[in-house]
Amino acid sequence: MGKRIYLSSPHMSEEGFERKYVEEAFDTNWIAPLGENVNKFEEELAEKVGIKSAAALSSGTAAIHLALIAAGVGEGDKVFCSTLTFSASANPIIYQNAAPVFIDSNYETWNMCPDALEEAFKKYPEVKAVIVVHLYGLSADMDRIVELCNKYNAVLIEDAAESLGTYYKGKHSGTFGDYGIFSFNGNKIITTSGGGMLISNHEEKVAKIRFWATQSRDQARHFQHSELGFNYRMSNVVAGIGRGQLKVLNQRVGKKKYIYEFYKRELEGLEGVTFMPVNDWDEPNYWLSAMTLTGEVRPIDIFEALEVENIESRPVWKPMHMQPYFEKYDFVGNDVSEKLFVNGVCLPSDTKMTNSDLAKIVEIIKRLWCKQ
Ligand SMILES: *Cc1c(COP(=O)(O)O)cnc(C)c1O
């Protein structure tokens with residue numbers, strides 16, 4: 001059997017950029033904490049996405065947590081959150097003893113449905129913050145979402161963990177809200193092994209977030225703390241990997257797009273297949289290629305057929321309002337996200353795949369339709 005093909009695995013640059021920055025950290029003994037790589041990674045990422053300020057953190061989850069704190073979310077507050085997402089979008093709401101209200105998707109974007117969001121605002125006009133997710137690198141419908149958040153005075157946090165390299169109407173994903181967050185976890189479009197970034201145009205808030213992330217140490221010779229602190233900063237070694245990876249982001253997006261278009265061309269004609277929507281205002285990073293199946297062939301048939309050949313594929317995220325841990329919280333919407341989950345398939349989207357890997361995957365999948 002051939003070597004395993006992954007959904008999305010780490011892909012370091014051929015040029016060895018990451019190694020060079022990590023070696024610099026070793027050579028100068030700036031292993032930890034902070035240092036040149038952290039500062040430069042923040043600057044380089046901020047410039048890349050077009051934002052004033054960025055804070056490098058230990059994970060995307062930590063970034064969401066600190067964004068909620070910056071938004072003033074605390075005990076008893078309500079926070080709207082996309083339901084079709086990874087649990088890391090919602091967990092920090094619970095860390096703050098606040099209550100999520102989950103918002104359904106629409107078929108046009110697979111992301112937060114603005115109509116459901118509006119309905120939720122009418123029900124809970126006092127809501128503090130909204131966490132909108134850009135699933136698989138597809139943009140949510142930001143014009144309407146921003147407008148609603150402004151109207152109801154809610155802080156907008158963009159969970160752009162999956163959408164680094166995505167543009168909505170020419171502007172980078174994560175820069176529309178008050179705060180945006182990225183993740184550099186192992187399977188993301190670029191990775192530092194683990195890590196995250198918070199971005200914002202509120203520079204003083206980002207400075208505050210760096211302060212909270214380093215245990216809230218006041219300016220004093222002794223250890224003095226007037227606020228609750230966290231150990232959420234990124235290390236200088238990890239930031240070196242990030243700087244190198246940032247140089248190949250465009251290349252990775254190019255390959256992810258190629259993979260999506262390959263699958264779409266080959267599979268779209270099959271009975272019941274619908275690919276994830278790419279709107280004309282959206283330039284996604286195509287982090288994962290996903291499709292839904294509404295015919296005879298079911299997602300499980302694809303998962304099993306690929307697994308036999310040592311190829312990884314996966315269902316679409318199971319919505320948060322259907323999760324045992326979160327089902328007691330309110331949900332606004334219909335059954336769109338549930339249908340996307342039940343019918344969804346994430347295809348292998350690893351940027352190291354060759355054309356023959358792709359041809360093989362497509363052939364295995366097509367065979368399932370011949371059996372019908
Ligand atoms: C990966 C991911 C996160 C969490 O990022 P970590 O860096 O793993 O903490 C949050 N939200 C979404 C949508 C993600 O895919």
Side-chain angles (χ1 to χ4, degrees), residues 6-10 41-42 45 54-69 79-96 100 102-103 105 109-112 129-140 142 145 156-166 173-174 177 179-199 209 213 230-235 238-239 241-242 245-246 252 256 276 284-290 314-321 323 325-326 337 340-341 344 346 349:
Y6 292 98
L7 203 63
S8 184
S9 71
F41 188 30
E42 291 178 345
L45 184 131
L57 301 168
S58 53
S59 69
T61 311
I64 297 171
H65 190 190
L66 293 181
L68 287 171
I69 295 173
V79 176
F80 297 158
C81 181
S82 302
T83 192
L84 190 63
T85 187
F86 178 45
S87 65
S89 306
N91 284 334
I93 302 170
I94 309 296
Y95 304 164
Q96 284 307 100
F102 294 110
I103 313 291
S105 297
T109 63
W110 284 24
N111 284 306
M112 185 182 276
V130 175
I131 300 174
V132 60
V133 178
H134 305 296
L135 207 71
Y136 306 136
L138 302 172
S139 262
M142 292 313 288
I145 291 169
L156 178 56
I157 299 167
E158 289 182 75
D159 179 345
E162 302 177 3
S163 64
L164 184 61
T166 292
S173 187
Y179 304 98
I181 76 95
F182 298 112
S183 166
F184 311 111
N185 197 15
N187 61 356
K188 298 287 157 47
I189 190 152
I190 61 170
T191 181
T192 61
S193 76
M197 191 80 78
L198 181 144
I199 60 165
I209 279 162
F230 302 85
N231 184 3
Y232 276 174
R233 234 8 193 142
M234 181 180 277
S235 95
V238 159
I241 304 175
Q245 285 271 278
L246 208 49
R252 297 291 174 267
K256 295 273 192 190
M276 64 187 198
N285 70 2
Y286 300 90
W287 173 55
L288 293 186
S289 286
R314 209 190 266 167
V316 161
W317 298 120
K318 181 174 181 180
M320 289 305 112
H321 73 280
Q323 299 288 350
Y325 184 77
F326 288 113
S337 54
L340 292 171
F341 163 62
C346 293
S349 307

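Atoms within each ligand, like the ligands themselves, are counted from 1 in listed order. Every heavy atom of this structure was used, including side-chain atoms; hydrogens, water molecules and symmetry mates were not.
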For the side chain to side chain contact (heavy atoms under 4.5 Å, CB included) test, which of Ile157, Ile94, Ile131 pairs with Val79?
-> Ile131

Supply the atom-to-atom distance Ile103 CD1 to Asn111 CG, rounded to the nearest 0.5 angstrom.
-> 13.0 Å

Using a 3.5 Å cut-off and no angle test, enumerate the donor-acceptor pairs between side-chain atoms of residues 81-88 and protein atoms at least two apart in sequence or in another chain.
from, atom 1, to, atom 2, distance (Å)
Ser82, OG, Val133, N, 3.1
Thr83, OG1, Met320, N, 3.2
Thr83, OG1, His321, N, 3.1
Thr83, OG1, His321, ND1, 2.8
Thr85, OG1, Ser89, OG, 2.6

Has Phe230 got more than 12 heavy atoms of other residues, nucleotides or ligands less than 6.0 Å from its CZ?
-> yes

Would you check if there is a donor-acceptor pair between the side chains of Thr166 and Ser173 at a distance under 3.5 Å?
-> no

Salt bridge Arg233-Glu42, side-chain N to carboxylate O under 4.0 Å | yes

Using a 4.0 angstrom limit on heavy atoms, which residues are close to ligand 1?
-> Ser59, Gly60, Thr61, Thr85, Phe86, Ala88, Ser89, Val133, Asp159, Ala161, Glu162, Ser183, Asn185, Lys188, Gly195

